[in-house]
Amino acid sequence: MTFAERVYEVTALIPEGHVTSYGAIARALGAPRSARMVGWALNNSPHDRDLPAHRVVNRVGILTGAIHFGPPDEMRHRLEVEGVTFIDEITVDMKAHFWDPADDPRVDEFFQFLES
DNA sequence: AGTTTGACAGTAT
DNA sequence: GATACTGCCAAAC
């Protein structure tokens, strides 16, 4: 299983109405210095898998990946529909919606699965 | 096998 | 504070 595939698995676990950051995913994968790789992985993410990639923002809460969602405001709109609030046009309220993969027991289960 | 490329993060200025 | 700079490393080519 490649690094990118692990990124997809974690991304799929992001709860509705929440967001996480590239760095947080990298840490959860045991590669704390590989935030850029998470971005790279999502950039090449499969379109046939319905990944909630719109729930991944940078550490500040800015939707740096918005340009990959077609219409300029598509990403923000998807988040707003889920109840995610913004502190300005492009910045999500991280304090209210941040979800850390490392805090979710399902992520631990996932890693145990990998070892078996 | 060497180079390039990022949807980043942390530190320094 | 806002920029600028630097470290990062998996994949594609």
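Predicted model only: the values in this text are computed from it and were never measured. Here is how names work: the chains are called A, B, and so on, in the same order as the sequence lines, proteins then strands, and each is numbered from 1.
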Mind checking [X] for me? I need base, sugar-phosphate or nothing, with any heavy atom below 4.0 Å counting as a touch.
X	answer
A/Asn58	sugar-phosphate
A/Ala31	nothing
A/Tyr22	base
A/Arg59	base

Any side-chain heavy-atom pair from A/Val7 and A/Trp40 closer than 4.5 angstrom? no

Do A/Thr11 and A/Pro52 have side-chain heavy atoms sitting under 4.5 Å apart? yes

Rounded to whole angstroms, how far apart are [atom1] on [X] and [atom2] on [N]?
X	N	atom1	atom2	answer
A/Leu42	C/dC9	CG	P	18 Å
A/Glu5	C/dA11	CD	C1'	12 Å
A/Arg27	C/dC9	CZ	P	16 Å

Go nucleotide by nucleotide along DNA chain C from the 5' end; which of A/Arg33 and A/Asn44 gets its closest nucleotide reached first? A/Arg33

For A/Trp40 and A/Gly23, find the nucleotide of DNA chain B closest to each by heavy atoms; which residue's nucleotide sits nearer the 5' end? A/Trp40

With rounding to the nearest 0.5 Å, note down the distance linking CE in A/Met37 to OG1 in A/Thr2. 13.5 Å

Interatomic spacing from CG in A/Asp93 to CD1 in A/Ile87 - rounded to 0.5 Å: 6.5 Å

Between A/His18 (side chain only) and A/Glu16 (backbone N and O only), is there a donor and an acceptor less than 3.5 Å apart? yes

Provide the start and end nucleotides, 5' to 3', of the part of DNA chain B that has atoms under 4.0 Å from heavy atoms of chain A. B/dG6 to B/dG10

Taking A/Ile90 as the fixed residue, which of A/Asp73, A/Thr64, A/Ile62 is the one that meets the side chain to side chain contact (heavy atoms under 4.5 Å, CB included) rule? A/Ile62

